[in-house]
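The structure appears below as structure tokens.
Nothing here was measured: the structure is a model prediction, and the numbers come from that model.
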Amino acid sequence: MAELLGTFEQAVLLTILRLEDEAYGRAILSGVHEVLRRDVSAGSVYTTLDRLETRGLVNSKLAEGTPARGGRARRYYTVAIDGMRALNDARKTLAAMWANVQLPIEVQP
Amino acid sequence: MSMNRQTPPRWVEVLLERLLSERDRETVVGDLREEYAESVLSKRGRVGANLWYLRQALSLLRRSLGEEGRMKKALLPLSMFTFACACWLGVMEMMLRHPGYGTRVGVAVLIALISMATVLVRMADVGVGARGERWLWVGAVLLIGIGGQAFVRNARAAHFEGFVLVISVALIVQGLLTLASGIGRKGQARIS
């Protein structure tokens, strides 16, 4: 089994999957912000994207920019096969961890 | 003109373009400009959007400086340098006693205290809690303000002083690094 993914890494990978062909930096940044419902810094997202790419979990390619970006290029990301496997492993691990827990967990004040 | 108002502060963009790696320079700055113009500006207004942009730039600044070890390597000599300069300036003011020296001694003491606090909190990892961290942020902003004012006054003065230029730039960079390392710490706690 590959090294387990952290919550933030899963959020980034799932956002890329959900965005399909529109998964470039800005869209991922807003997508992760929406998923986690908290302010997310660009530094955290780009650091995570770099790490995932180094580990071979995502691939990226450059595309042309738009006037709104001052003509600057976009970098589009896709989840690699190893990334899909890592997500499946993370999901299985989470399901196994929660398997015998009765929901909702009772909270006693 | 209206196009210009849709863009983030140019000086921060230039700073990012200088500091980011060649791989990220174009794409990341483009992403931030697009988000700023098409989403953040309408939601937060001009001031809020500029603050958002500055925060993103600081988080990227920390990233471009690499691991925390490299940040410490830059912050430690800067803090020690500004501490030494503040002590020297404070002592000189006390000795010379030119008009208004009291205020300048006060500013020197303030710089020395902030620099010492930076070394203790960021280098020696002395725990100060959330409130202490907020005070360090206030101190960092003050350093940027003091450094910025000294820089501008020096540039406009009839006699340009090289040492004032060096000290003012050191204060600004120290303040920015202190803020960036704080954001980095929060980010690290949230990642994974």
Does a donor on one side chain and an acceptor on the other come within less than 3.5 Å for [X] and [Y]?
X: B:T82; Y: B:S115; value: yes
X: B:E34; Y: A:Y24; value: yes
X: B:D31; Y: A:Y46; value: yes
X: A:S41; Y: B:Q56; value: no
X: B:R55; Y: B:Y53; value: no

Lys/Arg N to Asp/Glu carboxylate O, A:D82 vs A:R55, below 4.0 Å = no
query = Of the listed residues (A:R75, A:R72, A:R74), which shares the most heavy-atom pairs with chain B below a 4.5 Å separation?
reply =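 So the answer, after comparing A:R75, A:R72, A:R74, is A:R72.
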inquiry  = Quick check: is B:Y101 connected to B:V164 through a chain of hydrophobic side chains (ILVMFWY, heavy atoms under 4.5 Å apart)?
reply    =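 Different clusters: B:V164 never reaches B:Y101 through Ile, Leu, Val, Met, Phe, Trp or Tyr contacts under 4.5 Å.
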ask   = Which answer fits A:I28, side chain, backbone, both or neither, if we ask what part of it has an atom under 4.5 Å from a heavy atom of chain B?
value =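 Contact with chain B: none, neither part.
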ask   = Going by residue number, which parts of residues 100-108 of chain A are within reach of chain B, meaning a heavy-atom gap below 4.5 Å?
value =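 Expected list: none.
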